[in-house]
Each structure stands twice: as structure tokens, then as C-alpha cells.
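Input: a single structure, listed below in C-alpha cells.
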Amino acid sequence: KMCGVLGLLFAEESSDCCGELCDGLTALQHRGQDAAGVVVASTASEWASVKFRILKNNGLVRDVFNASEVGGLIGNVGIGHVRYPTTGSGVPQECQPFYVNYPCGLSLAHNGNLTNTEEMRLELVSRHRHLNTGSDSEVLLNIIAEHLREALAARRMGSPRAAGEPFSAPLDAESIFTAVTAVMRRARGGYACVALIHNVGLLAFRDPWGIRPLVFGERNQDFAVASESVALDTLGYNLCRDVAPGEAILIRPRQELISMICHDAPRLTPCLFEYVYFSRPDSMMNGISVYEAQLEMGRKLAQKILRKFGQDHGIDVVIAVPDTSRPIALQCAYCINKPYREGFIKNRYVARTFIMPGQHLRRKGVRMKLNTIKTEFKGKNVMLVDDSIVRGTTATELVAMARDAGAKKVIFASASPQVRFPNVYGINISSQSELIAHDRTPEQIADKLGADHVLFQDLQDLEDAVRSLNPVISNFESSVFSGSYITNDVVLQHDGKLLFTPCASSLSSSNMANS
């Protein structure tokens, strides 16, 4: 699931974090409008009396959390989640965070998607773990719980050099990190998680490839972990850094934050589509300003336009498809020395059409969401700039709207390459057949959209645009463009279906049954 997660821990134990959780989730609302949820608890209560207070449902943050409901969600530590679904059925029971009560109270919010969910689901069922939904996030939570149980059992047994501890002894950092290490050997795919652990505090961890983003910040002695830095900015936290690939961070009240790399060979391979579409321009992730990355994309796109059409390109005006492509279109217009204009006005009360769950709703949503300023189109050769063309629903409607407004010519430029392949790490692109670029040339795509020309950014240029702001990143997760899956356990077959091969992972894998 391409979702948003947030975790907070206040140093003042008598304070309540739910209000800030709701504000932070609102800042992350662009990452999912399907559902929202929080879990809060207090570190001031006696061990046996701590209650996890949970509220979650389908809808926007403002719809799920009203004043009367939030008033009962007391506690200085909590986690939250906003969701759009890629697995499961989207019913309220599938909303996050999820909760289990063994071997301790444990609640999880997860952004991403696992590639070996079914394999782990079968192992859990064989151990009498009951899974109540079709969500891979519930599977991941139970995998964590199972490995934490094993770590506590090993601690109780002790070793030749140290006596064992009773099972009832408080959870220690070593046991928690041991469990996360086992999870990272076992779980494959993309995951950035925050977890609330009974009588401990807040745990955050990120997959060994760093596919999904996760950052943390500090405000006096309060801590926050979030999918994007914009949530930290909104709440007044100072951004400390990204959670590293394969890293787990444990935040406990009145104690130093501690962290550990829980994988033998982590490597930063972030999702490229985060910078193109999902993340807000005012966010920082992996040491990169999303806004500056999009400006670089615009510059690279301008170079591609000039290579293809030359200086005499005949473009009269550059118009962005709001909102995500604005920085890209602005820089592109500057570089080809043509005016940038606002040609579409957005109704801000309609959800993002790419995230809408059905093609019919997406098509209807475009016309409801956007309207043209006709004077910016009439009699002109217009270049529309969007961040991407996925299914073509939005692009087709936009070209038709430009024609209806009187455009003489319509060129459609995409800041990203052709989206040709399914995604398995948390983006709602599950089938090749739904992609307009599948088995079509740019000329055929232009014909399908009703445009005079369609132009796509080159993958190398897109990667270079983002990498130029952080040269440490050598590779990206770019499977929707390249068809190459970095976890090495996914094969795209000739019929367009995905084959998951459990033994092909490049990361070491342990079988729970043998652990």
C-alpha cells in the first residue's frame, strides 16, 4: 500500500498525542484517502493497566476523527496511518493500525507491500496464528510478534555465560532488535513501519532496500517518525535524518533513542515514483528535496524536447497538470524559453484520480476535478506537462478538454518514462493490461490520447535528475518503468502475469519453522 505512517512519543507522560497524530496524518493525506486510523497509549500508567485505544475507519482523516471521538483517545504515545488499498478488500476491518496481544500488546502501521505474503501467511496459520483479514500488513505484524516470542523464549533459556530471565521480565531492546533482524531476513518487499509496543514505547523500521521512505525528528524531548518530513514540519519537529535501509529505531520515554542496523547487507534503493508523483514537493527524503528533484526533472524534460523538436518547436505555451507537475512544468518552460501558464483550475475537494479505486471513477473524477481557463488554450499550440501517464484516463480527458477550449495543437509531455510494468512494492499498478504504454509506441499512445505528439522522459535522465541531489544513491526501485524487480523474487512472465519465486531473493532468508 502506498500509504502514510506516523508515530509520536511525548516526553510529558500526562500529555495526549492524538490531536497531533490527526494533524500529522492530515499532512500525509495525499498518500491515501481510503482510510485512516490511530492507536494511542500512555507510558504513565501501571504496566498491567495500560490500554491501547484504537480508532480507525474508511474515509478522510477529518471524517474519521471528530471531537467527541478524539476526546477519548488519551495517551502520550501513538501511531497513525492513512491508506489507499493495494491488497485486501478495503473494508473497515482492513484499516490500519492492526493489533495483536501476544507475546505483548503490539500495534503496527505499515507503508508498502510484501512480495512473499502468501508464503508467510501459510507458516503463520501452521503455528495457529489467526489472520482476520486479507491484508499483508496483518501478516507482517504477526511475523513480528512470532519472532518477538522466539526472542523472549531464548532470553528465558539464557546461555552458558548468563542466566535466563523470567518471561514476565520487561521487554529489552536486545530482544526487540533480535526480532526485527529475523523479520528482515524473512519478509521481502517494501515496508516502512511504526509500531507501538506495550510497556516499551515506539519502534520504527525500514526494509533493507529502503524502498519506502521513513524519517524521524525531535522537538525538545518529544520524538516523531513519519513517511515524509512534511508531517514533522507541520508539527514543529526538527528533521534529524532518514531511517536507514535495514535500520530499526527504538524510542522509549525518558531514555536515549537507540538504533541498530538489522540486516547484513542493506542498500539504499528508493522508489523513484515517490519523487515523481507521491511525495509532496515540500518534503525531504533520502537527503533529497522533492521540489528540487522535480525542477531537475523539468530541466531534463526540456532537453528532451529540444533534442526531439529543435529550437523551432512551435510550442506557444506550457501548461501544468495540477498539482504535482507544477515545478516540473515551470522549469521546463523556463528552459525552452516559453511562457508558463495556469490552464487548469483544480477543485480541491475531489480526491487524486490515480488513487481512485476504479477506472470509471477515475474518468469521472478528472472532469469533476479540473476545469480549463479557455483563454490560455484558444488558438495556441499547447504543451501539457504531467508527472506521468499511467492508465491514460486523466491524459485522455485533459487532451479533450484542451481541444474543447480551442487549442490548435496539443503536445503531451510526461516527466517520467512509459509506465509499462506492474508494481509489487506498494503502488496500485497491478496489471500490465491496464497501462496505456503496454505494447504501444509513443505514436500509438498519442493517437489513443487524441494528442498531436506524446513525449516521455528517458529513464536515465529521470534517475540522473534525482541522483544529482544525492550521489550516494547508485540505483533506484524503478520497476514500473524497467520491469526489473530489485528483490529478485519477482518474474514477469510472457502472459504479463507476475510469478513470485520465494527462493530467488538476493537477501538471506530464514524459515520460521527452522528458527
Side-chain angles (χ1 to χ4, degrees), residues 1-7 28 31 108-116 136-137 140 144 177 180-181 183-195 203-217 225-232 239-250 259-279 283-290 293 423-427 462-463 465-482 484-490 505-509:
K1 296 149 287 298
M2 183 62 74
C3 306
V5 300
L6 177 64
L28 297 173
R31 298 186 68 87
L108 178 81
H110 162 222
N111 170 30
N113 216 60
L114 305 179
T115 58
N116 62 333
D136 63 331
S137 303
L140 182 58
I144 296 166
F177 287 142
V180 175
T181 299
V183 169
M184 289 195 182
R185 292 196 190 106
R186 192 73 200 94
R188 294 191 297 274
Y191 49 92
C193 302
V194 289
L203 172 69
F205 59 96
R206 189 179 181 193
D207 68 75
W209 298 272
I211 299 172
R212 300 269 69 87
L214 197 63
V215 297
F216 73 94
V225 184
S227 293
E228 294 185 36
S229 64
V230 64
L232 307 185
L239 173 65
C240 294
R241 61 175 175 84
D242 295 270
V243 177
E247 183 180 24
I249 292 176
L250 187 61
S259 68
M260 177 178 172
I261 299 298
C262 295
H263 194 271
D264 295 335
R267 54 186 180 275
L268 181 58
T269 318
C271 174
L272 195 55
F273 214 57
E274 285 278 358
Y275 297 95
V276 173
Y277 177 79
F278 276 104
S279 301
S283 281
M284 291 282 300
M285 57 177 59
N286 304 306
I288 295 171
S289 160
V290 176
N423 182 272
V424 296
Y425 304 122
I427 300 175
L462 178 59
E463 291 184 345
V466 181
R467 188 185 292 112
S468 67
L469 300 168
N470 184 0
V472 170
I473 301 174
S474 57
N475 294 299
F476 292 91
E477 196 297 293
S478 58
S479 57
V480 294
F481 308 123
S482 65
S484 175
Y485 298 92
I486 61 171
T487 51
N488 291 337
D489 60 340
V490 183
S505 174
S506 61
L507 300 175
S508 59
S509 176

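Just so we're clear, the structure is a prediction, and the values are computed from it rather than from any experiment.
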Applying side-chain hydrogen bond (donor to acceptor under 3.5 Å, both in side chains), can you list everything that pairs with Ser259, at least two apart in sequence or on another chain? Glu247
Looking at residues at least two apart in the chain, or sitting in another chain, which of them share a side-chain hydrogen bond (donor to acceptor under 3.5 Å, both in side chains) with Asn286? Arg206, Tyr275
Within-4.5 Å side-chain heavy-atom neighbours: Ser479 and Asn423: yes
Asn475: side chain to side chain contact (heavy atoms under 4.5 Å, CB included) partners, not counting sequence neighbours: Thr269
Under the 3.5 angstrom rule, does the side chain of Asp207 hit a backbone N or O of Tyr191 as a donor-acceptor pair? yes
Taking all non-hydrogen atoms of both residues, which atom of Ile486 and which atom of Arg267 are closest, and how far apart? O-NH2, 4.1 Å
Does Arg241 reach the main-chain N or O of Phe216 with its side chain, forming a donor-acceptor pair under 3.5 Å? no
Counting distance only, does the side-chain N/O of Asn470 pair as donor-acceptor with the main-chain N or O of Val472 below 3.5 Å? yes
Got Val290 and Met285 here, is their nearest side-chain heavy-atom distance under 4.5 Å? yes
Correct closest heavy-atom pair for Cys3 and Ser227 would be O-OG, 4.0 Å
Applying side chain to side chain contact (heavy atoms under 4.5 Å, CB included), can you list everything that pairs with Ala248, at least two apart in sequence or on another chain? Phe177, Val180, Leu203, Phe205, Cys262
With Ser468 via side chain to side chain contact (heavy atoms under 4.5 Å, CB included) - residues at least two apart: Glu296
What residues form a salt bridge (Lys or Arg N to Asp or Glu O under 4.0 Å) with Glu228, not counting sequence neighbours? Arg31
Test side chain to side chain contact (heavy atoms under 4.5 Å, CB included) applied to Leu239 - qualifying residues, sequence neighbours left out: Val215, Ser229, Leu232, Met284
